[in-house]
Amino acid sequence: MPQSQDEMSFWDHLEELRWTLFRCILALLIFTVGGFASMRYLFDHVIMAPCSSDFITYQWMCRMAINLPFFPDFCDDTFRITVVQIKLATQFFTHMSSSFWLAVVLTFPYLMYEIWKFVRPALYDHEKKSVRWVFFFGTIMFFAGCVVGYFVVFPMTLRFLATYDLSEAITPQVSLESYMDNFLMLIFIMGVVFEMPLVSWLLSQVGMINRSFFRKYRRYAIVGLLIAAAVITPSGDPFTLSVVFLPLYGLYELSAFFVREAPRKTDDDDEA
């Protein structure tokens, strides 16, 4: 049974919410300061790493291309992207914003834990067990999506767009703002996309969808996911498209696995 709401007044709940927000903001502030202090190293060895040919994904793709002829060519040792500063204060504001977003990623499990602590008293015992695993699974999936975004989606998208040649008169240079916008957007998008099984499970719990929904719209989902993969990675080769499409489709099937089956009709329902 959930705890009686009479145990805490409205103002007690507000006070608890205030302290929850305070702890979350304090954690973000601490990690933002830490990220600000270490951002120069992170920029050189993590954020800017996909700009050169020695990035681990390119090296792995190059080794695979030697044995598999249908792989795209990632063995160009001269590949390097020049990132330039256009506006005077771009580097300073990028330093600040990157530190904040790094803090959001690193404190994500703790933020989920604080949310869990706040809502836990209002839940039944069986709901507490379910929600505990939901938060844990959601955190793992978010980080898995960010990893896929960093090592797969972003470098492939970056390499295609940076090497796309419209005219020899154009010198390829990438502004720092444009680079960071795409870097953060693609990585966070993949983190959010990997939460699809969790969202599907929640919608199933409230009766909005069931497993028959995924069976019914599977063909439409495949087409939609192919389009989404083509937008995320605009290169024309089928391998790059499949690298993004297959994880997305896997998430779709995983979502179908976690939702409930459609309720069976009873004889009373048929008679009605």
Side-chain angles (χ1 to χ4, degrees), residues 21 24-59 61 72 74 76-108 110-111 142-143 145-195 228-236 240 243-244:
L21 294 176
C24 291
I25 294 173
L26 181 61
L28 284 172
L29 180 61
I30 293 173
F31 276 83
T32 299
V33 172
F36 188 89
S38 59
M39 190 52 60
R40 184 178 297 275
Y41 175 86
L42 293 175
F43 246 85
D44 291 338
H45 296 87
V46 179
I47 297 177
M48 303 300 294
C51 292
S52 60
S53 59
D54 59 355
F55 185 56
I56 184 173
T57 299
Y58 306 147
Q59 296 295 317
M61 291 294 182
F74 283 88
D76 182 9
D77 294 335
T78 63
F79 173 76
R80 182 168 294 276
I81 297 176
T82 302
V83 179
V84 297
Q85 176 181 344
I86 303 299
K87 298 179 181 179
L88 183 62
T90 298
Q91 290 197 56
F92 173 74
F93 286 116
T94 300
H95 195 163
M96 298 285 290
S97 61
S98 301
S99 302
F100 171 75
W101 286 113
L102 176 64
V104 171
V105 172
L106 294 180
T107 60
F108 185 78
Y110 177 74
L111 298 180
F142 176 79
F143 281 119
C146 290
V147 169
V148 171
Y150 176 74
F151 285 103
V152 179
V153 177
F154 175 72
M156 290 188 173
T157 303
L158 174 69
R159 185 140 184 168
F160 170 77
L161 294 178
T163 57
Y164 188 86
D165 189 11
L166 179 62
S167 172
E168 295 182 357
I170 300 175
T171 302
Q173 291 182 332
V174 181
S175 70
L176 179 58
E177 290 176 318
S178 176
Y179 182 87
M180 290 304 301
D181 286 345
N182 285 274
F183 180 84
L184 294 173
M185 178 186 67
L186 289 176
I187 291 177
F188 275 98
I189 281 179
M190 292 306 298
V192 172
V193 167
F194 268 60
E195 299 285 2
V231 172
I232 294 175
T233 55
S235 61
T240 305
V243 165
V244 178

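Residues passing the side chain to side chain contact (heavy atoms under 4.5 Å, CB included) test with M185, sequence neighbours excluded: N182, I189. Scored by the ring-ring contact (aromatic ring centres under 6.0 Å, His included) test, Y110 finds no partners at all (sequence neighbours excluded). Applying the side chain to side chain donor-acceptor pair (under 3.5 Å) test to T78 and every residue at least two apart in sequence or in another chain returns D76. Take A162 and apply the side chain to side chain contact (heavy atoms under 4.5 Å, CB included) test, not counting sequence neighbours, and it matches I81. In this structure, the side chain to side chain donor-acceptor pair (under 3.5 Å) partners of Q85, at least two apart in sequence or on a different chain, are Q91. Here F194 pairs with nothing under the ring-ring contact (aromatic ring centres under 6.0 Å, His included) rule; sequence neighbours left out. By the side chain to side chain contact (heavy atoms under 4.5 Å, CB included) test, I30 pairs with L26, sequence neighbours left out. With sequence neighbours excluded, the residues forming a ring-ring contact (aromatic ring centres under 6.0 Å, His included) with F36 are H95, listed by chain and number. Residues that satisfy the ring-ring contact (aromatic ring centres under 6.0 Å, His included) test with F93, not counting sequence neighbours, are absent from this structure.
With contacts defined as side-chain heavy-atom distances shorter than 4.5 Å, the pair L186/Y150 does not qualify. Within the 4.5 Å cutoff, side-chain heavy atoms of M39 are placed close to those of L102. Taking 4.5 Å as the limit, some side-chain heavy atom of L28 sits within range of a side-chain heavy atom of V104.
The ring pair (Phe, Tyr, Trp, His ring centres under 6.0 Å) test with W101 is passed by exactly one of F31, F108, F188, F183: F188.
In terms of heavy atoms, T32 sits closest to A103 at OG1-CB, 3.3 Å. Here the closest heavy-atom approach between residue V153 and residue T157 is recorded as O-OG1, 2.8 Å. Between G149 and I187, the closest heavy-atom pair is C-CG1, 3.9 Å. Closest approach of F43 to S98, counting heavy atoms only: CE1-OG, 3.8 Å.
Rounding to the nearest 0.5 Å places CG of L176 at 4.0 Å from OG1 of T94. Taking CZ of R159 as the reference point, atom OH of Y58 lies at 6.0 Å (rounded to 0.5 Å).
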Enumerate donor-acceptor pairs with a distance under 3.5 Å from any side-chain N or O in residues 168-175 to protein atoms, sequence neighbours excluded.
| unit_1 | atom_1 | unit_2 | atom_2 | d |
| --- | --- | --- | --- | --- |
| S175 | OG | S178 | N | 3.1 |

Side-chain polar contacts of residues 45-57 - donor-acceptor pairs under 3.5 angstrom, sequence neighbours left out - could you list them?
| unit_1 | atom_1 | unit_2 | atom_2 | d |
| --- | --- | --- | --- | --- |
| H45 | ND1 | Y41 | O | 3.1 |
| S52 | OG | D54 | OD1 | 2.5 |
| S53 | OG | D77 | O | 3.0 |
| T57 | OG1 | F151 | O | 2.5 |

